[in-house]
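Read through the structure below, which is laid out as structure tokens, and then see the notes.
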Amino acid sequence: MAALDDLAFDPWDPAFVADPYPVYAELRARGRVRYYEPTDQWLVAHHADVSALLRDRRLGRTYQHRFTHEEFGRTAPPPEHEPFHTLNDHGMLDLEPPDHTRIRRLVSKAFTPRTVERLKPYVEGLADGLVSALVDAGGGDLLRDVAEPLPVAVIAEMLGIPEADRAPLRPWSADICGMYELNPPQETARKAVRASAEFSDYLRDLIAERRGNPGDDLISGLIAAHDEDDRLTEQEMISTCVLLLNAGHEATVNSTVNGWWALFRNPGQLAALRADHSLIPTAIEELMRYDTPLQLFERWVLDEIEIDGRVIPRGAEIAMLFGSANHDPAVFADPSRLDLTRRDNPHISFSAGIHYCIGAPLARIELAASMRALLEKAPGLRLAAEPRRKPNFVIRGLEGLAVEVG
């Protein structure tokens with residue numbers, strides 16, 4: 001079994017987290033799959049393999065629709081983590097058909113192209129207001145002042161969460177998402193459990209209120225679904241709402257700050273974008289490829305598979321390295337170069353297969369709205385201080401991004 005002792009792959013090393021892409025290149029050069037003992041996972045780093053495995057039904061986000069923990073050779077989570085796992089395990093991201101199909105069919109009605117397009121003026125108005133406030137202040141923290149509040153407000157508006165109740169949403173989400181890192185420490189788990197319980201309690205009360213007083217929002221729509229085959233349990237509704245908030249803003253927040261940090265480090269590309277705003281659509285795709293907001297996505301092996309002559313047994317876990325796949329020279333010409341005009345850009349930052357991000361069209365609208373507002377209202381935007389990267393590996397972002405308006 002090939003180990004990685006001689007390779008600098010270390011998701012807890014700040015130097016690796018700061019720039020994992022050179023290590024990915026070496027990992028790809030050494031083969032198609034490698035075992036990583038510290039997390040008991042098989043790492044897959046090539047674009048072709050990651051893309052294929054995301055669509056392979058021999059793999060799953062869960063195994064509990066087919067096996068018990070014991071049958072699968074895995075240990076059940078500790079009982080004290082139950083609030084997190086109850087919340088997480090009933091969301092469609094961690095379900096497989098038929099439950100995944102049933103929930104996604106319902107939720108997808110809120111993300112049709114027509115519905116998302118109708119949100120565009122609201123999103124653009126929010127972005128304009130946030131950027132105007134940043135400009136009036138002479139600068140600030142792009143993360144705190146623009147990147148975070150925009151997608152959180154959009155998802156909260158879709159769900160029908162009152163403005164007065166929105167302050168805890170981002171902290172709850174951040175604490176819950178801490179559990180998606182590799183081997184999270186006990187304190188991270190404790191925060192995730194507490195946030196899961198508090199968020200669930202809040203949504204349970206909100207759902208109860210909407211049953212008696214429905215509105216024009218997604219929660220009311222889920223409650224009103226009358227097809228018996230599609231009806232969601234209360235827990236499925238809670239888990240769906242939390243997933244939409246978490247997935248609906250994490251990628252957008254981190255794509256915004258990672259993207260602007262990349263632009264500041266590539267002044268020629270930033271100048272080209274400032275000179276030609278028609279580059280915004282391709283710029284968004286390239287920035288998501290160049291510094292991928294979700295670096296790793298996991299799948300359980302439900303039925304034995306073979307990769308490059310290695311048999312990966314049932315019960316194993318595969319870690320698909322999105323960041324590496326998005327820098328694979330077999331797919332992307334000169335992948336380490338930021339090229340905002342790149343047209344052939346099949347990045348997998350939104351995943352693929354049945355778990356392809358349902359909110360990808362909305363995320364693109366949000367990213368375009370904030371980028372356009374910043375280019376138009378703050379054409380001299382510049383970095384005010386070197387940012388500090390978050391210590392997380394899986395969800396890649398910055399602690400903040402201090403900017404000045406020139």
Side-chain angles (χ1 to χ4, degrees), residues 4 9-13 17 35-43 59-96 99-100 103 168-205 232-247 250 294-302 312-321 355 390-397:
L4 295 173
F9 184 92
D10 183 353
W12 301 281
D13 176 12
V17 171
Y35 179 69
Y36 187 57
E37 188 171 0
T39 59
D40 189 22
Q41 292 174 320
W42 292 85
L43 305 180
L59 306 182
R61 282 291 293 172
T62 182
Y63 53 80
Q64 294 185 68
H65 61 307
R66 286 182 51 183
F67 308 101
T68 65
H69 293 299
E70 292 75 20
E71 289 170 339
F72 205 63
R74 293 284 166 173
T75 304
E80 61 269 23
H81 293 177
E82 181 272 331
F84 168 80
H85 289 287
T86 295
L87 182 64
N88 187 70
D89 294 353
H90 287 82
M92 61 181 171
L93 184 61
D94 280 80
L95 290 173
E96 293 297 313
D99 289 328
H100 172 273
I103 297 174
L169 297 181
R170 175 63 176 167
W172 279 337
S173 177
D175 285 347
I176 291 169
C177 289
M179 281 290 269
Y180 302 134
E181 293 299 319
L182 299 174
N183 299 353
Q186 187 173 348
E187 177 61 16
T188 297
R190 187 186 65 77
K191 288 181 178 180
V193 167
R194 183 181 62 194
S196 298
E198 291 176 357
F199 204 169
S200 296
D201 288 345
Y202 170 77
L203 287 170
R204 193 171 288 110
D205 290 343
L232 300 186
T233 67
E234 182 181 71
Q235 183 57 60
E236 287 173 339
M237 272 192 271
I238 291 170
S239 296
T240 295
C241 292
V242 172
L243 173 62
L244 289 176
L245 176 74
N246 291 351
E250 279 291 342
L294 182 68
Q295 290 282 308
L296 177 152
F297 207 57
E298 298 160 332
R299 286 285 198 279
W300 296 106
V301 180
L302 306 176
I312 314 296
R314 186 184 83 182
E317 190 175 30
I318 287 180
M320 290 172 277
L321 298 172
H355 289 290
K390 287 183 178 179
N392 306 340
F393 165 63
V394 175
I395 299 175
R396 182 171 175 80

All side chain to side chain donor-acceptor pair (under 3.5 Å) counterparts of Asp13, not counting sequence neighbours: none
Look up atom CZ in Phe199 and atom CG in Leu87, then write down how far apart they are to the nearest 0.5 Å. 8.0 Å
Taking the inter-plane angle between the rings of Tyr63 and Phe72 on a 0 to 90° scale, is it parallel (under 30°), tilted (30 to 60°) or perpendicular (over 60°)? parallel
Look at the side chain of Arg204 and the backbone N and O of Ile238, then say whether any donor-acceptor pair between them is shorter than 3.5 Å. no
Is there a side-chain contact between Leu59 and Val301 in this structure, where contact means two heavy atoms from C-beta onward sitting under 4.5 Å apart? yes
Listed by chain and number, what are the salt bridge (Lys or Arg N to Asp or Glu O under 4.0 Å) partners of Glu96, not counting sequence neighbours? Arg57
Take Leu302 and His65 through the side-chain contact (heavy atoms from CB on, under 4.5 Å) test and state the conclusion after the steps. CA-CA 10 Å; Leu302 306 176; His65 61 307; 3.9 Å; yes
Using side-chain heavy atoms (C-beta onward) and a distance below 4.5 Å, is Glu181 in contact with Ile395? yes
Has the side chain of Arg61 got a donor or acceptor atom that lies under 3.5 Å from a matching backbone atom of Leu93? yes
What residues form a side chain to side chain donor-acceptor pair (under 3.5 Å) with Asp99, not counting sequence neighbours? Arg102
Kindly indicate whether the side chain of Ser196, heavy atoms from C-beta on, has any atom under 4.5 Å from the side chain of His85. no
Once side chain to side chain donor-acceptor pair (under 3.5 Å) is applied, do any residues pair with Arg396, and if so which ones, sequence neighbours excluded? Asp291
Indicate yes or no: at least one non-hydrogen side-chain atom of Leu182 is less than 4.5 angstrom from one of Trp12. yes
Does any N or O in the side chain of Asn88 come within less than 3.5 Å of the main-chain N or O of Asp94, such that one atom is a donor and the other an acceptor? no
So the salt bridge (charged side-chain N to carboxylate O under 4.0 Å, His left out) pairs with at least one residue in residues 183-198 (sequence neighbours excluded) are Glu187-Arg190
Would you confirm whether Thr86, through its side chain, and Glu82, through its main-chain N or O, come within 3.5 Å as a donor-acceptor pair? yes
Heavy atoms only: give me the nearest Trp172-Ala195 pair and the separation to one decimal. O-CB, 3.7 Å
Look only at the side chain of Thr240 and the backbone of Gly91, and say whether a donor-acceptor pair between them is shorter than 3.5 Å. no
How many angstroms lie between atom CD of Glu317 and atom CG of Leu43, to the nearest 0.5 angstrom? 10.5 Å
Who pairs with Gln64 by side chain to side chain donor-acceptor pair (under 3.5 Å), at least two apart in sequence or on another chain? none
To check you understand the geometry: which heavy-atom pair defines the closest contact between His355 and Met92, and what is its length? CE1-O, 3.3 Å
Backbone N or O of Leu321 within a donor-acceptor pair of the Gln295 side chain at under 3.5 Å? no
